Amino acid sequence: QVQLIESGGGLVQTGASLRLSCLVSGRTFNFPMGWFRQTPGNEREFVAAISWSGSDTYYADSVKGRFTISKNNAKNTLSLQMNSLRPEDTAEYFCAASNTIVVFRTPTITNGRLYDYWGHGTQVTVSS
């Protein structure tokens with residue numbers, strides 16, 4: 001059974017940075033992964049995805065140029081470096097892993113329904 005545990009959320013001011021981490025346990029760390037976020041009353045929103053090798057990445061337009069997704073296969077860790085944070089980035093952030101996605105391409109990798117494993121989330125709050 002795969003387990004994903006997020007950490008690194010918190011309360012920061014506009015313009016600050018945060019780094020989210022997701023520790024993967026339970027099996028070999030060789031699948032596409034992504035970060036999603038959700039605010040109360042809204043659907044989960046795609047943020048960023050990375051291929052199993054780490055060579056390919058994709059970002060939502062709203063975070064492109066500010067966020068960077070990366071993975072360390074040796075440490076079974078997925079990260080999301082978030083810079084220039086804005087109040088609209090406030091959300092609970094979830095990491096996810098897909099045992100379903102075969103080819104890393106859009107729009108497949110932005111579809112949360114194709115991710116099989118999810119963490120419990122970490123809250124990011126950006127004050128204005």
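All values reported here derive from a predicted model rather than from experimental measurement.
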Run the side-chain donor-acceptor check on residues 6-16: report pairs under 3.5 Å with partners two or more places apart or on a different chain.
| unit_1 | atom_1 | unit_2 | atom_2 | d |
| --- | --- | --- | --- | --- |
| E6 | OE1 | H120 | N | 3.0 |
| E6 | OE1 | G121 | N | 2.8 |
| E6 | OE2 | C95 | N | 3.0 |
| E6 | OE2 | G121 | N | 3.2 |
| T14 | OG1 | S127 | O | 2.8 |

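Under the 4.5 Å side-chain contact rule for hydrophobic residues, F46 and L78 do not share a cluster. Linking Ile, Leu, Val, Met, Phe, Trp and Tyr whenever their side-chain heavy atoms come within less than 4.5 Å leaves Y117 and F36 in two separate clusters. Note on L114 and I109: same hydrophobic cluster, where clusters join Ile, Leu, Val, Met, Phe, Trp and Tyr whose side-chain heavy atoms are under 4.5 Å apart, directly or indirectly. Under a hydrophobic-cluster definition in which Ile, Leu, Val, Met, Phe, Trp and Tyr are linked whenever side-chain heavy atoms come within less than 4.5 Å, directly or via other members, V47 and L85 are assigned to the same cluster. In the hydrophobic cluster analysis, where Ile, Leu, Val, Met, Phe, Trp and Tyr join through side-chain heavy atoms closer than 4.5 angstrom, V124 is grouped together with L4.
Listed here is the closest heavy atom pair of P32 and F104: CB-CD1, 4.4 Å. Here the closest non-hydrogen pair linking M82 and Y93 is SD-CE2, 3.9 Å. Summarising the geometry of C22 relative to M33, their closest heavy-atom pair is SG-CE, 4.4 Å, with the distance given to 0.1 Å. The two atoms that bring S21 and S79 nearest to each other are OG-OG, 4.1 Å, heavy atoms only. Shown here for R37 and A91, the closest heavy-atom pair between the two residues is CB-CB, 3.7 Å. When all heavy atoms of R66 and S84 are compared, the closest pair comes out as NH1-O, 2.9 Å.
A donor-acceptor pair under 3.5 Å is formed between the side chain of T90 and the backbone N or O of V126. For T77 (side chain) and K75 (main-chain N/O), a donor-acceptor pair under 3.5 Å exists by modelled atom type. A donor-acceptor contact shorter than 3.5 Å links the side chain of Y59 to the backbone of I69. No donor-acceptor pair closer than 3.5 Å links the side chain of Y115 to the backbone N or O of T110. When atom types are taken as modelled, the side chain of N99 and the backbone of D116 share no donor-acceptor pair closer than 3.5 angstrom.
The pair D89-R86 fails the salt-bridge criterion, with no side-chain N (NZ, NE, NH1 or NH2) lying under 4.0 Å from an Asp/Glu carboxylate O.
In this structure, CD1 in I50 is found 8.0 Å from OG in S55, a value given to the nearest 0.5 Å. Note that the CH2 atom of W35 and the CG atom of L20 stand 5.0 Å from one another [nearest 0.5 Å].
By the 30° and 60° cut-offs, the orientation of the rings of F94 relative to W118 is perpendicular.
The other members of the hydrophobic cluster of V103, by chain and number, are V102 (side-chain heavy atoms under 4.5 Å, ILVMFWY only).
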Requested in this report: Could you go through the side chain to side chain contact (heavy atoms under 4.5 Å, CB included) check for V24 and V2 one step at a time?
Outcome: CA-CA 7 Å; V24 182; V2 176; 4.0 Å; yes
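At a threshold of 4.5 Å between non-hydrogen side-chain atoms, the residues S62 and E88 do not count as touching.
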